[in-house]
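We're numbering straight along the sequence, starting at 1. Counting convention: from 1, in listed order, for ligands and their atoms alike.
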Amino acid sequence: MTVTYWEEEIETLPRVGLESIQLRRLQHLVARVYKTVKPYKRKMDEAGVRPEDIKSLADLSKLPFTVKDDLRDNYPFGLFTVPLDEVVRVHASSGTTGKPTVVGYTAKDITTWSNVMARALCCAGATKGDMIHNAYGYGLFTGGLGAHYGIERLGATAIPVSGGNSKRQITIMKDFGSTVLLSTPSYALNLADAMDSMNVDPKSLSLRVGIFGAEPWSENMREEVERKLNLKATDIYGLSEVMGPGVAQECLLTDRGMHIFEDHFLPEIIDPDTGEVLPPGEKGELVFTTLTKEAFPIIRYRTKDISRLIYDQCECGRTLVRMEKVTGRTDDMLIIRGVNVFPSQVENVLMGIDGVEPHYQIVVDREGNLDTMQVQVEVSEGVFSDEIRILENLSKYIQKEIKDLLGVTCKVKLVEPKTIQRSEGKAQRVIDNRKI
Ligand SMILES: [Zn+2]
């Protein structure tokens, strides 16, 4: 198999060369955020570290971490390093409470992002001759637009179909001759079901490769997606706080991890309990520092994703380190059909509603290929004895509030007072029955 690169020189650069680029960029970044972003300056001052202390890549560990709450505390634009008139786009994702976390991009950031995304597509074997079916959601979520600009940068044809309306998606795939599919892995399986119900044989389509991400998925799921859609399934990684899709991508010659585009995104693996940097190859929490972003750079962002870094030379010739498929999280964030959901957000919604008690449980499952979420909540004594109609209205109201605030559709089950098990220590808020 011939390997094609988007930017061969940087993708195959010996590590020593790569590390010298990383260090130069890191020093520049730290000096810039220290000067332009008060919260970064304050945290660095508190930690007793100054920009000139960054003399080697190992000195990165002297810098304080950034966590999701830092984004919330500086909502919406407090961590931007440039005036808003230089920001050409914003995106947002769910925060731990009601407010979303907001990220911004300058024109140059959009170019950088398009470029790393084009690299990712190329890494998965896509070329300018491809018809790329982009079923990631378009909107505030970085998935749709992030992938879209990369497709155009590559010179391929973008089909900006976004999510939903599966039957129409299959018709488009058939009629337009889609060759590459971008979606969440669970939505890919949903598309397979739609094909089945329309009696469309995947072998009759032109799909060759899939680039799936935005939620954790297993090797078993990979096999299922490959079999049902008759394509090669690859894994992509990205998160809005760091950039969006295009942070790392699996190549076609390994299924052991995704190449991280390290000249832009500097990875570390830390012990989530102590914050210590772990030796190469150990499993822990993935932390990223962006090296080239202008509007919203981030230093040592704790992703809460569990992974490990693989430094062995890959057969594809890329020298870029690989990150293993994400195997879990260090917090209680759930990903429901690509949407990030924190139990604390559900709790916030419930707390604002009369007639319900602060006792609830979230049951997550997978029916067919789609994630489902049911919120079981205790109602107050008085309410429970009321008529069925009142209970039905209450349940619909909760469902609507959750949909409005979290963007996820769930079922609500009202239960009698004191039926949800009380725990001695930390309440078990989530029961996740999905087999991932
Ligand atoms: Zn490779």
Side-chain angles (χ1 to χ4, degrees), residues 1-19 21-22 112-130 132 146-147 150-151 153-154 156 179-182 185 188 207-214 216-219 221-223 225-226 231-239 242-269 280-283 286 288 291-292 303 305-327:
M1 181 187 283
T2 49
V3 178
T4 49
Y5 309 98
W6 181 244
E7 291 162 297
E8 181 167 358
E9 194 184 337
I10 193 84
E11 291 177 67
T12 59
L13 196 65
R15 288 211 70 80
V16 56
L18 180 65
E19 286 173 5
I21 292 175
Q22 288 175 324
T112 306
W113 188 9
S114 310
N115 217 37
V116 288
M117 189 61 216
R119 247 194 231 179
L121 292 162
C122 211
C123 196
T127 67
K128 70 192 291 286
D130 275 305
I132 305 186
I151 297 167
R153 179 82 181 97
L154 179 67
T179 52
V180 179
L181 169 64
L182 271 65
L207 290 177
R208 185 181 81 247
V209 66
I211 299 175
F212 304 115
W217 53 308
S218 62
E219 285 303 322
M221 193 155 169
R222 189 204 298 266
E223 282 167 28
V225 170
E226 292 190 331
L231 48 66
K232 162 89 181 153
T234 70
D235 202 356
I236 188 168
Y237 180 83
L239 66 171
V242 173
M243 180 62 104
V247 173
Q249 166 70 41
E250 210 171 52
C251 69
L252 294 176
L253 293 180
T254 177
D255 48 15
R256 267 191 71 222
M258 298 161 260
H259 289 287
I260 298 176
F261 301 133
E262 288 178 271
D263 49 326
H264 297 285
F265 314 109
L266 184 56
E268 295 171 276
I269 295 286
E282 289 207 17
K283 193 174 240 191
L286 190 57
F288 275 107
L291 295 174
T292 51
T303 66
D305 285 328
I306 304 285
S307 181
R308 81 169 94 223
L309 298 178
I310 304 163
Y311 285 92
D312 308 349
Q313 174 75 50
C314 183
E315 279 179 49
C316 73
R318 286 179 183 83
T319 46
L320 302 165
V321 70
R322 282 170 285 162
M323 57 175 274
E324 201 176 68
K325 226 174 192 337
V326 171
T327 50

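In the displayed structure, Glu9 atom CD is contacted under 6.0 Å by at most 12 heavy atoms of other residues, nucleotides or ligands.
Scored by the ring pair (Phe, Tyr, Trp, His ring centres under 6.0 Å) test, Phe265 finds no partners at all (sequence neighbours excluded).
Residues Arg15 and Glu262 are paired through a salt bridge, judged by an N-O separation under 4.0 Å between the basic side chain and the carboxylate.
When each of Asp235, Asp305, Asp255 is tested with Lys325 by the rule salt bridge (Lys or Arg N to Asp or Glu O under 4.0 Å), just one qualifies, namely Asp235.
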Apply side chain to side chain contact (heavy atoms under 4.5 Å, CB included) to residues Leu181 and Ile211 and explain how you reach the verdict. CA-CA 6 Å; Leu181 169 64; Ile211 299 175; over 6 Å; no

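Considering all non-hydrogen atoms of both residues, Pro245 and Trp113 come closest at O-NE1, 2.9 Å.
Around the Zn ion (ligand 1), protein N, O or S atoms at less than 2.8 Å number 4.
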